[in-house]
Structures are given as structure tokens and as C-alpha cells.
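Residues take their numbers from the sequence shown, with the count starting at 1. Every value quoted in this text rests on a predicted model; they were computed, and no experiment measured them.
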Amino acid sequence: MADGPYLSPEEKAKLYLKKHHIMELLNHLTCELLYHRPDKPRDFLLNILARIKIAKLTAVDFPYLMDDSNLISMFEIMDPTNQGFITPVQYKEALKNLGLLDPDEVIPEDGEVITRDDFRSDVNRRTFKLWSAF
């Protein structure tokens, strides 16, 4: 970014997008569209945005792209030998694919293994954190 008080229009735009988590929102809305493939995409998106607004006001569940059965299936794909865990590298890639890994976040690749329950709870926690930012 530019030194001093002057920011270029591009830098201002980047700060705005980051501050309001716009890219994350657009990524998740796009994932929802591709997952559900609704006949009326505009109505579908408006419905999701309305659900987010209601969830923020009433503490009702936020709309999740992946329910527990989807998360279990995803985990099982990464654990084809049924060991009951995945590696941190696999976990990091899953978070990237779900759009739940912050660009500057570092997940140690030599850390402990991730169990199915840990995977589910952390993905749900990250999804809730993402939605509640809007």
C-alpha cells in the first residue's frame, strides 16, 4: 500500500472489500449456487441473504453449505483407509476448497492429526464465524 495518508482508489477498494468480507461472502454465495443449482438463482441468493439477516437478528442457525453428512462424506474421501484421521496437509486443502482458510492463516503441516469430529466442529465453527461477520 502507499506510504502516508494517500491511498489509491485500488487500495481503498481492497481495504473496503477486506473490511466488509465481501470476497468471502461472494465466494460462499457462489458455492451455494453451484451446490444447489436453483432454477431461480436471484431468488435463491436473496433468500440466503435474508436468512443471514434473520440469523444475525434472532441467533437462528446461519445457512450452511455443508451439513454434517456432507462433512462426514468429505472427511471419508480424505480418509479412504478409514484410519479415523486426516493429516494437517489434507485439512488445509479441505479448508481452502471450502473457502474457510484465511489467506494469511498458517496451519502447521507437522502438527497432530485431525479426527472426524475435530474436522466437523472446526468447519462448522469457521462457517459460523464467516457468516456472522456479515
Inset, instruction - Calculate, to the nearest 0.5 Å, the distance between atoms CD and CG belonging to Glu105 and Leu101 respectively. - result: 4.5 Å
Inset, instruction - Quick one: list whatever passes side chain to side chain contact (heavy atoms under 4.5 Å, CB included) with Glu93, sequence neighbours left out. - result: Lys96
Inset, instruction - Mind checking the CG-CG spacing from Leu45 to Leu33? Nearest 0.5 Å is all I need. - result: 4.0 Å
Inset, instruction - Output the distance between atom CD1 (Ile86) and atom CE (Met74), rounded to the nearest 0.5 Å. - result: 8.5 Å
Inset, instruction - Determine, using the 4.5 Å side-chain heavy-atom cutoff (strictly less than), whether Phe119 and Ile107 are members of one ILVMFWY cluster. - result: yes
Inset, instruction - Quick one: closest heavy-atom pair of Pro108 and Pro88, and the distance? - result: O-CB, 3.3 Å
Inset, instruction - List, by chain and then residue number, the residues other than Val113 in its hydrophobic cluster (Ile/Leu/Val/Met/Phe/Trp/Tyr, side-chain heavy atoms under 4.5 Å); write none if there are no others. - result: Phe85
Inset, instruction - May I ask you to check whether over 12 heavy atoms, not counting those of Arg116, lie within 6.0 Å of atom CZ? - result: no
Inset, instruction - Quick one: which residue pairs count as a side-chain hydrogen bond (donor to acceptor under 3.5 Å, both in side chains) with a foot in residues 78-88, not counting sequence neighbours? - result: Thr81-Gln83, Thr87-Gln90
Inset, instruction - Just jot down the side chain to side chain contact (heavy atoms under 4.5 Å, CB included) partners of Leu17, sequence neighbours excluded, or say none. - result: Ile22, Met23
Legend entry - Shared hydrophobic cluster, Leu49 / Phe44 (ILVMFWY, side-chain heavy atoms < 4.5 Å): yes
Inset, instruction - Could you grab the distance from atom CD of Glu76 to atom CG of Leu71, nearest 0.5 Å is fine? - result: 11.0 Å
Legend entry - Euclidean distance, Ile114 CD1 relative to Arg120 CZ, rounded to 0.5 Å: 15.5 Å
Legend entry - Enclosure of Asp43 CG (heavy-atom neighbours >12, cutoff 6.0 Å): yes
Inset, instruction - Let me see the working for Val123 and Leu95 under side-chain contact (heavy atoms from CB on, under 4.5 Å), right down to the final yes or no. - result: CA-CA 8 Å; Val123 167; Leu95 291 177; 4.1 Å; yes
Legend entry - ILVMFWY clustering at 4.5 Å (side-chain atoms), partners of Val106: none
Inset, instruction - Please list, chain by chain and in numerical order, all residues satisfying side chain to side chain donor-acceptor pair (under 3.5 Å) with Asn27, sequence neighbours excluded. - result: none
Inset, instruction - Quick one: pull up CG in Asn124 and CG in Leu100 and give me the separation to the nearest 0.5 Å. - result: 9.5 Å
